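A, B, ... follow the sequence lines: proteins, then strands. Residue 1 opens every chain. The analysis underlying the following values was restricted to heavy atoms, covering all of them including side chains, and did not include hydrogens, waters or symmetry mates. Computed from a prediction, not measured in an experiment: that's the story for all the values here.
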Amino acid sequence: MPVINNEEIGDKIIESIDMTVPSKPEYVGVIRLTVSAIANRMGFNIDEIEDIKVAVAEGCTNAIKHGLDDKFYINFEIGSDSLSIVIKDNGKGCNVEEIDEPDLLNLKEGGLGLFIIKTLMDEVEFVSKKGKGCQIKMIKFLGDDI
Amino acid sequence: MPVINNEEIGDKIIESIDMTVPSKPEYVGVIRLTVSAIANRMGFNIDEIEDIKVAVAEGCTNAIKHGLDDKFYINFEIGSDSLSIVIKDNGKGCNVEEIDEPDLLNLKEGGLGLFIIKTLMDEVEFVSKKGKGCQIKMIKFLGDDI
Amino acid sequence: MSLVINKNFNNDKNVWNIELKGEIDIYTANELKKVLIEVVSINPQDIILNASELEYIDSTGLGVLIGVLKRLRQQGKDIHIIEAKKNVKKLFNITGLDKIFKVEG
Amino acid sequence: MSLVINKNFNNDKNVWNIELKGEIDIYTANELKKVLIEVVSINPQDIILNASELEYIDSTGLGVLIGVLKRLRQQGKDIHIIEAKKNVKKLFNITGLDKIFKVEG
Ligand SMILES: Nc1ncnc2c1ncn2[C@@H]1O[C@H](COP(=O)(O)OP(=O)(O)O)[C@@H](O)[C@H]1O
Ligand SMILES: Nc1ncnc2c1ncn2[C@@H]1O[C@H](COP(=O)(O)OP(=O)(O)O)[C@@H](O)[C@H]1O
């Protein structure tokens, strides 16, 4: 599975926080608080913090629900004008081509997570291969929303 | 430097969260929120959460202030009846024998951190060697305080 | 990081009033599912979800609501979501679910 | 995760009134140090720290207060800490600093 190269981000990477977390539902709330604190410290406004919180939780939820490994990884890259988050698991993986966009005329109980992440974040890259785990990278730029 | 063996804790280790954090003052607040969320999820009461928060922050502050490496590590072990936290850096280290207890008759501006950790937590183990980094392990038991 | 659900059936109006307090995510969504499925099994009537103290919802929670709505629709009934906070409303808006659920006030 | 410091000198009582809002830790302690050293340099009088909105203090903050108290004591002056929350008071108590500072109310 190709690992996303940090150099692809425009701004210089300043600082990085890594976490390894058990694949258990009860820890998604812990990560929501952690990423809120990071985004708050960086100067994102309340609405942006909320967006980041939801997107990160969706990524973690997927790692737990679909990855089915016993743990997953998060990396926060705190740039001067962006927060970039990578959520990675070495679990079941999936075939990216087979993922459908949500369809309001044919509602399903699942399938909204990736769509929500793409809507709330500025840049999203989803990489996965069956049996080879999954990696999602999402970026939010500072001072983008008015 | 001897690494503390997990087996030393009485209760079975259930889950473990690992973090790598830049050695910068602005991230101590992020860790305070993270550990508060973990302790809250485990069922510690408000006073206990506050104690854990302060103790962990003191440990991180020491890693940043004295370790002087560019990053440090935290491990949270969530047991069925205890939270065990290890804060570790590969920085300057120190000679443990040279550390004095605080003296109220001869006040200094420093020297309170380790004393506070020992007071607030149930078990504390501090291991360091000059030039070989530092590791502090602190445990808080659930349902201990009345 | 928890969810409190208060339910009661309003006999005058023939609707379920359900209050949600806290957060709906992968950790708490099952609880919500259990309560709503139970409610719909006992008496399939309109459900009014009071979300004034709901601080957070994500796709797992939305999925539960969609599942229950599908059941109710078979009986010609609906789910109304009232007094949702801005951030909760936003999730309904961006997913287009505000066109499926009755999101009010 | 920030600290707001409001200071003003009370001419009637000849004391500094300083309000602390937020958190004192390794990130914000330098700011506190700067303000207190400045205050003491301008006019070394008793300092009354209103801590009613101080949510958090740790050893770094206590260290700053000790340093300033030492300077003030040379002039026979004191630091009073008033309206501290329970968790802030606890730090003064367990370190014995409640016997050194005037922790009131
Ligand atoms: N971490 C992951 N591991 C394996 N498959 C994943 C992962 N994340 C997403 N997927 C796949 O992408 C699909 C769409 O995900 P998503 O949009 O979040 O909806 P949902 O999780 O509700 O199915 C999932 O059904 C799953 O097949
Ligand atoms: N992570 C660390 N790396 C190196 N030395 C440390 C570390 N933590 C503590 N120490 C040593 O222990 C001493 C006492 O620490 P502490 O009680 O927290 O007080 P203070 O940090 O104010 O000096 C420090 O002055 C330092 O010499």
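Between A/Leu33 and B/Thr34 there is no side-chain heavy-atom pair separated by less than 4.5 Å. Looking only at side-chain heavy atoms (C-beta outward), B/Thr20 and A/Met19 stay at 4.5 Å or farther from each other.
Of all heavy-atom pairs between A/Glu26 and B/Glu15, the closest is OE2-OE1, 4.4 Å.
With values rounded to the nearest 0.5 angstrom, A/Lys24 atom NZ is found 11.0 Å from B/Ile17 atom CD1.
Within 6.0 Å of atom CD1 in A/Ile46, 12 or fewer heavy atoms from other residues, nucleotides or ligands are found, so the atom counts as exposed in its surroundings. Open room surrounds NZ on A/Lys92; 12 or fewer heavy atoms of other groups in view lie less than 6.0 Å from it.
The part of A/Tyr27 that comes within reach of chain B is its side chain, from C-beta onward, which places non-hydrogen atoms under 4.5 angstrom from that chain. Looking at A/Lys71, there are no atoms closer than 4.5 Å to chain B (heavy atoms on both sides), in backbone or side chain.
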